[in-house]
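Report on the following structure.
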Amino acid sequence: MGTITTVNPATGEDLTSYEQIGRDEASDRVEACHAAFEKWKLQSLDERAKVIKGIGQALRDNKEELAQLMTDEVGKLIKDSRDEVELCAAICDYTAANGPTELADQQREPSNAGRGIVTFSPIGVIYGIQPWNFPSYQVARYAIANLMTGNGVLLKHASNCTGSGLKLAEIFVEGGLPENLFTVLVIDHDTSDAIIEHEKVRGVTLTGSDTAGKTIAQAAGKVLKPTVLELGSNDAYMVLEDADLDLAAKVCANARLYNNGETCINGKRFIVTEKVYDEFLDKFRARFEAVKTGDPNADDTDMGPMARVDLRDTLQKQVDQSIEKGATVAVGCAIPEGPGAFYPASILTDVAPGQPAYEDELFGPVASVIKAKDDEDAMRIANDSRYGLGGGILSRNVDRAIELASRHFDTGMVYINTYGVADPSMPFGGVKNSGYGREHGGFGIKEFANAKSIFVGSA
């Protein structure tokens, strides 16, 4: 089998090598996960919740080691890595507190029986294929919910954060989870395809590109297995005519540059009404020019490297193609000299249809600024995308912004006068090419549950 070697993107130095397992061994691990599930599904909701709470504590107990590992593997700022571990622990706390209520039996009064019961039963082993940009959060987001449901969980993590995935498996057991119930598979793509087809795998979830989503959905569909897909986006943040421009520049800069610009729900297109365009751009550019890029472990670093050199090269190609088709460089947009996968905080203006900066997802610290005629035109441009994960509205008229968000913005999530990544209490997911299904907020806990109807007559 092949070998995976992780690389520190800040230095270009090799970290650790891991041996991939073959198809037979991977199948054996699926069987072991299923065997663990057969026992776990019989645990009460309160017993499962107690273990989930223990995993949250174990995450906090191992925060520094896990955070440093994530920073070393993917270049996250160390403070962001620590925050990510805390978010994972918060997911555990929320799930433990709310899971038993969400999954409790519901009583009904059917017309064809004396009474009815709806019970939410686990379905089996759930296979998760996850990316590198949040090595712990992406895992916790689906794994904790499914463990609460009573399912077993498999993980194929992105190769460049293999160590983080394996560390999470150790932490879960330390928190009280039975062995094999959460299983990491260090495998290649062909073996992954076989896992989807494995008879003991009952559902598949993926976070990744829309191209990957189509491939996985097709593979799962062929064997009639449900999927949840979170597929990224080119989220639009609208700066309306009445926006507080100092706040707008701050929120939009954070929305674009958080996590080194490598977040599915980052702001990527910034649609600014003509009336305030020049003033906003000046404030926005000043924030980007002030960003200090460097060692992700240093307290005074604003932005670390991208996760891999090849990802940076892809971003540069998209930038170059956009410039060739009429976009203008306002800040940055060129690969710096020196080691590592660094890329500057960058802004493109004159962004228009037909350019990658308009049509596609630029997964790195490059902002696409688009001028709109007025607020109505800004809403039109925001929805002019094949994606629909999140987005933002900057406006002093909050009630009107809520109206636009709820009735007109064609996305799964909207941030008004703020930016955020995720919260355990709110559903997370998108529409159109950003995928389907929801995680968090009590929704994810039922995505791979069997809503079973029980009709009860008189004895």
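All residue numbers in this chain count up from 1 along the given sequence. What you are looking at is a predicted structure, and each value in this text was computed from that prediction instead of being measured.
Classified by interplanar angle (parallel below 30°, tilted 30° to 60°, perpendicular above 60°), the ring pair Phe134/Tyr137 is perpendicular.
With respect to the salt-bridge test (charged N to carboxylate O, under 4.0 angstrom), the residues Arg386 and Asp360 qualify. The pair Asp320-Lys317 fails the salt-bridge criterion, with no side-chain N (NZ, NE, NH1 or NH2) lying under 4.0 Å from an Asp/Glu carboxylate O.
In the model, Tyr343 has a side-chain atom that pairs as donor or acceptor with a side-chain atom of Gln316 under 3.5 Å. No side-chain N or O of Glu447 forms a donor-acceptor pair with one of Asn146 less than 3.5 Å apart. At a cut-off of 3.5 Å, with distance as the only test, a side-chain donor of Asn62 or Glu174 sits close to an acceptor on the other residue. Side-chain N/O atoms of Ser192 and Tyr127 include a donor and acceptor closer than 3.5 Å. Side chains of Lys76 and Asn259: a donor on one and an acceptor on the other come within 3.5 Å. Judged by distance alone, the side chains of Ser395 and Asp242 do bring a donor and an acceptor atom under 3.5 Å apart.
Considering every non-hydrogen atom in both Ala345 and Met303, the closest pair reads N-CE, 3.5 Å. Residues Pro344 and Pro336 approach most closely at CD-CD, 4.0 Å, considering heavy atoms.
The one candidate from Val204, Asn151, Thr227, Val153 that meets the side chain to side chain contact (heavy atoms under 4.5 Å, CB included) condition with Phe448 is Asn151.
Applying the ring-ring contact (aromatic ring centres under 6.0 Å, His included) definition to pairs two or more places apart or across chains, none involves residues 67-91.
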